[in-house]
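Here is how names work: the chains are called A, B, and so on, in the same order as the sequence lines, proteins then strands, and each is numbered from 1. Excluded from the calculations below are hydrogen atoms, water molecules and symmetry mates; all remaining heavy atoms, backbone and side chain alike, are included.
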Amino acid sequence: GLTDKLQGIFWKLRGKARLTEEDVDRALREIRLSLLEADVNLRVAKDFLERVRERAIGEEVLKSFTPAQQVIKIVYEELVKLLGGQHEPLKFSHTPPTIIMLMGLQGTGKTTTAGKVGLWLKRRGHRVLLLACDVRRPAAVEQLVQVGRQAELDVFEMGIREKPERIAEHGIKHAKDKGYGVVIADTGGRLHTDEEMMQELRRVKEALNPNEALLVVDAMMGQDAVNAARQFDSEVGVTGFILSKVDSDARGGAVLSIRAVTGKPVKFIGTGERLTDLDVFHPDRMAERILG
Amino acid sequence: LFRRERISEELFLELEETLVLADVGIHTAEKLVSRLKEAVRKGNCRTGDEAIELLKRTLVELLNAGGRNLNFGPIPPTVWLIIGVNGTGKTTTIAKLAWRLKREGRKPLLVAADTFRAAAIEQLKLLGERVGAPVIAHAIGADAAAVAYDGVEAAKARGYDVVLIDTAGRMHTRYNLLQELQKIWRVVGRSLGRPPDETLLVIDASTGQNAIAQAATFSSAIPVTGIILTKLDGTAKGGVVVAIKDQTQIPIKLVGVGESLDAIENFDPKEFVEGLFE
Ligand SMILES: Nc1nc2c(ncn2[C@@H]2O[C@H](COP(=O)(O)OP(=O)(O)OP(=O)(O)O)[C@@H](O)[C@H]2O)c(=O)[nH]1
Ligand SMILES: Nc1nc2c(ncn2[C@@H]2O[C@H](COP(=O)(O)OP(=O)(O)OP(=O)(O)O)[C@@H](O)[C@H]2O)c(=O)[nH]1
Ligand SMILES: [Mg+2]
Ligand SMILES: [Mg+2]
């Protein structure tokens with residue numbers, strides 16, 4: 001992996017009395033390759049390497065007996081920092097219900113994730129209501145109903161006969177009347193470049209007034225992750241991310257990109273198709289994975 | 001974006017970055033640009049514009065090789081098996097293909113062999129109604145290979161000329177699911193008397209380098225005859241198919257460009273390559 005490559009580079013230089021900035025740059029080129037292979041956005045990688053370079057030059061790497069280890073340590077620490085340092089939990093409301101809205105590009109796993117998060121919260125003592133706000137995709141409402149049945153969670157739906165913002169409005173009222181602690185709203189997949197659909201999402205968000213507006217992002221995403229994250233955040237407002245399909249074994253560089261461009265925390269990762277396949281996001285584990 | 005008179009190191013770097021941003025991948029991008037540098041050194045192009053055109057032509061040739069037609073069987077029914085990882089657009093693409101086939105005067109039959117995911121069968125049934133194509137389905141939890149087999153048998157018995165088999169999304173990292181896919185492929189072949197006429201791997205255009213592993217793993221499990229690149233109507237360029245073509249030679253046959261039934265097009269290498277550089 002990257003560690004071996006860096007060891008190799010510095011091993012060739014072991015005879016030198018002290019390393020130069022050019023030697024560090026050779027190591028940085030190797031790190032750049034690794035980041036790009038991992039799908040980190042090109043520009044995000046550039047900025048990241050600048051920070052690593054500054055620390056490497058300034059931090060005694062040039063005089064170190066173990067420069068490879070030193071550089072790896074700096075890269076790892078900067079990755080963890082960029083990924084959010086430590087786990088950030090869900091934001092709960094002071095007055096119930098806490099409202100969570102899921103959104104994202106087509107096929108990222110929102111409907112399945114609604115069930116996963118619902119189950120995760122139910123197991124921690126919360127009374128959860130799932131809200132079916134996708135009226136476009138064929139059988140989307142039925143899919144959430146079945147997910148709810150599997151996870152033994154209640155689902156509020158109005159078929160496809162009402163607009164999503166109307167369903168959101170009625171769903172929240174129903175949740176308050178019946179004393180639910182958490183509402184998780186599933187919305188239809190959409191492109192960040194689809195003006196009408198982004199407007200609809202803003203209307204749904206307004207009706208929900210959510211405590212969390214989570215963007216569900218596919219871990220296999222490539223360079224385009226920055227664009228989607230930036231647009232959803234600027235046009236609708238993102239409070240955090242859920243990274244799905246981490247079990248694809250994709251290196252997951254997209255997560256660095258979405259963090260770099262929005263600064264919002266990653267709350268969970270999806271690790272499979274079952275409703276129990278949800279884990280809390282750990283920046284240190286993700287950093288190790290990106291490093292390969 | 002590129003109007004270049006002189007060829008400089010800067011131009012090569014810019015071209016490499018453009019390819020990387022399009023998800024072609026750093027290794028494939030470096031390989032393509034170093035070959036371009038070699039061509040320039042040999043005197044094959046003198047201006048920057050000529051160099052860019054040469055790179056584009058090289059990419060078009062790479063993507064064109066191996067043909068791009070959808071195969072119909074020698075004896076009906078034709079059978080196309082649709083596979084891929086979760087959420088890439090398989091079910092929607094089948095509806096689009098059925099819509100196109102109907103407009104060509106053919107009689108497609110849809111087979112709901114995703115017996116795992118919540119409401120997968122319902123989704124295909126609704127799409128079948130919309131398109132006007134019948135759907136063969138069992139209950140959720142049924143054996144996927146059994147449904148696929150029944151689908152081909154039904155087409156033979158009732159004279160449907162193209163069978164489109166929908167399968168469950170499956171991660172290429174799950175060995176047992178790849179084994180299930182092998183079983184589906186074998187069983188379909190048994191009913192048909194030959195392998196499926198197309199086994200199409202559906203890839204989401206926003207996927208990064210992981211798509212290479214997807215293509216390699218799926219095609220090592222069963223023969224993959226073509227790739228369908230979906231969601232090209234977004235801002236993602238889908239450049240990873242360049243790396244896939246380079247490494248596996250699997251031809252890209254179709255592109256998905258939206259969610260409506262008519263949002264499917266034959267893959268056009270020239271148009272696609274222009275898109276990489278936009
Ligand atoms: N392997 C794996 N599959 C997942 C994960 N999360 C979701 N899926 C699968 O991904 C596919 C798409 O999931 P959906 O929940 O339908 O995605 P969606 O975002 O609601 O899709 P749209 O509503 O059409 O935008 C399904 O096959 C899910 O089972 C995950 O973490 N790992
Ligand atoms: N914008 C756009 N969306 C698409 C395209 N193709 C499919 N989709 C959307 O992607 C989402 C997933 O599509 P499906 O057809 O359910 O994907 P799938 O591969 O069958 O999913 P699983 O069976 O769960 O693995 C849906 O919201 C589709 O409308 C496309 O070309 N462009
Ligand atoms: Mg959904
Ligand atoms: Mg499907």
**Prompt:** In terms of heavy-atom proximity below 4.5 Å to chain B, should A:Lys110 be classed as side chain, backbone, both, or neither?
**Reply:** neither
**Request:** Could you have a look at A:Gly253, A:Gly222, A:Ala38, A:Ala225 and say which one has the most heavy-atom pairs with chain B under 4.5 angstrom?
**Result:** A:Gly222
**Asked** So which of A:Arg32, A:Gln150, A:Arg251, A:His192 has the largest heavy-atom pair count under 4.5 angstrom toward chain B?
**Response** A:His192
**Message:** Which atoms of A:Leu191 are under 4.5 Å from chain B, going by heavy atoms: the side chain, the backbone, both sets, or neither?
**Reply:** side chain
**Asked** Between B:Gln123 and B:Arg117, is a side-chain hydrogen bond (donor to acceptor under 3.5 Å, both in side chains) present by the stated rule, with each step listed?
**Response** CA-CA 10 Å; B:Gln123 183 187 8; B:Arg117 203 208 69 211; 3.0 Å; yes
**Complete:** Cut-off 4.5 Å, heavy atoms of chain A, and the answer for B:Ile140 is side chain
**Under 4.5 Å from any heavy atom of chain A - which part of B:Val20** = both
**Prompt:** In terms of heavy-atom pairs under 4.5 Å with chain A, which of B:Glu30, B:His27, B:Arg170, B:Arg130 leads?
**Reply:** B:His27
**Prompt:** Is B:Asp246 salt-bridged to B:Lys31, cutoff N-O under 4.0 Å?
**Reply:** yes
**Request:** Tell me, for B:Leu177 versus chain A, whether the close heavy atoms (under 4.5 Å) come from the side chain, the backbone, both or neither.
**Result:** side chain
**Asked** Has the side chain of A:Asp224 got a donor or acceptor atom that lies under 3.5 Å from a matching backbone atom of A:Asn227?
**Response** no
**Message:** At a 4.5 Å cut-off on heavy atoms, which part of B:Leu21 comes close to chain A: side chain, backbone, both, or neither?
**Reply:** both
**Request:** For A:Asn41 and A:Gln223, indicate whether the former's side chain and the latter's backbone hold a donor-acceptor pair under 3.5 Å.
**Result:** yes
**Six-ring centre of A:Phe241, A:Lys264 cation under 6.0 angstrom, axis tolerance 45°** = no
**Item:** Sequence neighbours excluded - salt bridge (Lys or Arg N to Asp or Glu O under 4.0 Å) pairs with any residue from residues 131-146 of chain A
**Value:** A:Arg136-B:Glu259
**Request:** Measure A:Ser248 against the heavy atoms of chain B and call it side chain, backbone, both or neither at under 4.5 Å.
**Result:** both
**Prompt:** Among A:Glu200, A:Glu235, A:Glu195, whose salt bridge (Lys or Arg N to Asp or Glu O under 4.0 Å) with A:Arg190 holds?
**Reply:** A:Glu200
